[in-house]
Number of protein chains: 2
Amino acid sequence: MPIDITAVTLAELRYVVALSDQRHFGRAAKSCRVTQPTLSAAIKKFETTLRVTLFERSSKHVAVTPLGAQIVEEARRVLDATDRIGDLAARGHRPLSGPLRLGVIPTLGPYLLPWLVPPLREAYPDLQLVLREVKTSVMVEELAHSQLDAGILALPIPARGMSSSPLFEEPFLFVGPSGHALGKKTSVKEGDLEGERVLLLDEGHCLRDQALSICNKVGATTDDRESDFRATSMETLRHMVGAGMGSTLLPALAVSDDEEARSHVTVRPFVAPQPGRRMVLAWRKTHPRAEDHALLAEFIRKHAPDVVKSTRNHATKK
Amino acid sequence: MPIDITAVTLAELRYVVALSDQRHFGRAAKSCRVTQPTLSAAIKKFETTLRVTLFERSSKHVAVTPLGAQIVEEARRVLDATDRIGDLAARGHRPLSGPLRLGVIPTLGPYLLPWLVPPLREAYPDLQLVLREVKTSVMVEELAHSQLDAGILALPIPARGMSSSPLFEEPFLFVGPSGHALGKKTSVKEGDLEGERVLLLDEGHCLRDQALSICNKVGATTDDRESDFRATSMETLRHMVGAGMGSTLLPALAVSDDEEARSHVTVRPFVAPQPGRRMVLAWRKTHPRAEDHALLAEFIRKHAPDVVKSTRNHATKK
DNA sequence: TCGGAGTGATCGAACGTGCCTATCGACATC
DNA sequence: GATGTCGATAGGCACGTTCGATCACTCCGA
């Protein structure tokens with residue numbers, strides 16, 4: 001009959017380790033907060049199920065057999081690991097602690113995270129933040145499949161079963177080549193885009209869809225079919241504009257103060273009604289730690305740079 | 001209320017790991033040989049006692065939370081360690097396997113072990129032999145205090161509560177300086193030692209006591225009080241004899257075939273009644289693996305070199 | 001030689017709990 | 001709307017862990 005390790009209890013392992021430490025049934029029992037008969041019985045059962053003798057008892061001394069010593073070592077490992085489980089769990093129900101896999105869209109991540117991460121680490125040192133920069137289309141997939149816990153993206157969320165909390169509104173800025181006609185004005189309005197050739201990002205970026213929708217509304221050209229004119233990143237988009245291939249719309253956070261000097265472009269804000277995008281923190285409705293996400297959203301609203309208007313309304317909506 | 005890690009069961013950890021692997025309650029339950037309600041309840045209890053959510057259930061998918069993944073990892077460690085306990089135990093009740101701390105007296109060890117250890121390792125590869133070379137006085141201490149499992153020494157055993165199994169009788173040989181008068185005979189008898197100056201080992205060696213007892217019987221000189229004449233090892237004893245400081249008695253195994261050439265000494269065997277010592281394997285009466293020791297004694301009898309006469313009587317006596 | 005102190009083993013009772021079968025409710029699919 | 005799948009729930013049984021009380025043994029001092 002083979003050994004049935006299933007029948008072993010964690011309590012028994014604790015008793016075995018305690019007895020190995022104390023070499024005395026009474027003291028070992030006391031250190032385990034049980035009575036001596038309990039400990040005796042447990043040790044005996046353990047030895048019986050394993051069919052080995054761990055302890056050599058005499059009326060005066062309790063000695064550990066060599067095999068017993070090896071088993072005690074493993075038992076210690078077992079108990080250590082269980083303790084670590086307890087620690088993980090204890091840490092786990094403090095707010096915003098433990099692992100959190102956060103997705104951020106690439107048109108926002110590089111510009112928001114430098115503002116966000118340092119204070120977040122300071123405020124919640126136990127938070128193990130795993131950041132992934134993924135396009136909206138991928139993000140909703142990963143959110144739905146539990147590969148991400150939450151994500152920062154722009155409305156509308158192209159998926160069902162998601163909860164979200166508003167973060168801020170990020171206005172778009174007009175970016176054209178240096179010397180562009182619109183550069184003569186201090187600000188532009190949406191309608192000014194009529195007839196402009198507006199360069200777009202690659203498929204899958206929400207920024208592309210948002211810009212495209214504005215262009216369609218006001219009658220701007222978008223070269224939609226010519227893939228040569230689709231940039232795979234905003235950096236590429238900048239260079240294409242700087243090279244005079246067209247104009248574009250960039251989210252405010254992505255535009256630095258010395259943008260015009262750095263990229264040889266003209267940057268102008270829009271007058272109201274400002275086009276822009278509404279950023280939210282989103283997560284699966286079924287996610288067990290929704291409170292954490294609400295807390296995180298609140299934190300992001302507080303620490304978003306001034307360029308964007310943090311949303312005051314904290315309500316969570318579908 | 002703090003988390004009571006005491007309340008978790010190894011079974012629960014198995015279920016948690018299985019569910020993390022299978023992502024399906026039914027299959028996980030089957031892989032654990034329990035019914036699905038059992039597994040559901042166990043997972044729920046585990047999550048309740050730890051007050052964390054390990055699994056995100058929906059009617060179609062079971063997903064592991066990030067914290068859950070960490071806990072599952074630790075749970076795996078726990079189960080691995082328990083499995084190792086099972087392995088240790090399983091190995092443990094095969095004969096002559098696992099750790100065995102064996103003491104050997106220094107006047108025998110270097111000459112017996114080369115004959116003994118190689119076949120022993122081959123016959124019992126799972127035996128983890130830890131050898132210690134200790135004088136008889138120390139050995140009985142360590143045997144009594146469970147620091148050794150068994151020991152090879154000469155009768156009589158200066159301790160109570162020991163069992164032993166006879167191994168072999170090892171005759172003593174007369175060793176004198178080259179050109180010694182007794183060298184003219186092919187063999188000597190005990191009485192020839194009368195008037196000889198016999199050199200002895202240091203205190204604590206049983207060989208000293210045995211030689212001393214013979215010397216006292218036949219009236220040989222032993223310089224008992226002059227510590228300068230006490231050798232701390234048999235090697236020293238050899239050199240002292242070779243230097244003409246006196247004669248000595250050496251156990252047969254310690255004398256090599258080319259002893260006379262190598263050490264410039266004269267070696268002669270005794271005629272019957274041959275003086276010698278009776279070697280035994282000894283262990284605490286209370287030692288839980290006495291069968292192993294009987295087995296080991298039998299093995300030693302079989303593999304002892306021909307110089308000594310293996311005892312045929314296998315009986316264990318006090 | 002006797003008794004007291006200290007140790008581990010044993011016994012019977014009671015409570016807790018882990019497991020089972022049977023069933024339900026939610027959801028998806030046809 | 002019927003069917004099938006999946007996980008949760010309910011009820012009940014049985015085993016095992018625990019405790020208090022007690023026993024058997026050894027050692028040691030009077």
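The analysis underlying the following values was restricted to heavy atoms, covering all of them including side chains, and did not include hydrogens, waters or symmetry mates. Here is the naming used below: chain letters follow the sequence lines, and residue numbers restart at 1 for every chain. Remember, it's a predicted structure, so these values are computed and weren't measured experimentally.
Put simply, CZ on A:Phe55 is 16 Å from C1' on C:dT7, counting in whole angstrom units. For the pair A:Phe25 CZ and C:dT10 C1', the interatomic distance rounds to 13 Å; values are reported in whole Å. For B:Gln22 and D:dT5, the CD to P distance is 18 Å, given to the nearest whole Å. Taking atom CG of B:Leu13 as the reference point, atom C1' of C:dG18 lies 15 Å away to the nearest angstrom. Note: CD (B:Glu12) to C1' (C:dT17) measures 10 Å, nearest angstrom. Whole-Å rounding puts the A:His24 NE2 to C:dG6 P distance at 10 Å.
Within 4.0 Å (heavy atoms only), B:Tyr15 reaches sugar-phosphate atoms of the nucleic acid but no base atom.
Take A:Glu74 and apply the side chain to side chain contact (heavy atoms under 4.5 Å, CB included) test, not counting sequence neighbours, and it matches A:Arg77, B:Ala81, B:Arg84, B:Ile85, B:Leu88. Applying the side-chain hydrogen bond (donor to acceptor under 3.5 Å, both in side chains) criterion to A:Arg132, with sequence neighbours excluded, gives A:Glu142. Under the rule for a side-chain hydrogen bond (donor to acceptor under 3.5 Å, both in side chains), B:Gln147 has no partner lying at least two apart in sequence or in another chain. Among residues two or more places apart in sequence or in another chain, the side-chain hydrogen bond (donor to acceptor under 3.5 Å, both in side chains) test is passed with A:Thr136 by none.
Within residues 26-48 of chain A, the residues approached by DNA chain C to less than 4.0 Å at the level of any non-hydrogen atom are A:Gly26, A:Gln36, A:Pro37, A:Ser40, A:Lys44, in residue-number order.
Classification of the B:His293-B:His287 ring pair by plane angle, with boundaries at 30° and 60°, yields perpendicular.
Phosphate contact (OP1/OP2 of D:dC6, side-chain N/O of B:Arg57, threshold under 4.0 Å): absent.
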For residues 12-20 of chain B, dump all side-chain donor-acceptor pairs below 3.5 Å to protein atoms at least two apart in sequence or in another chain.
from    : atom 1 : to      : atom 2 : distance (Å)
B:Glu12 : OE1    : B:Thr9  : N      : 3.4
B:Glu12 : OE2    : B:Thr9  : OG1    : 3.4
B:Glu12 : OE2    : B:Lys45 : NZ     : 2.3

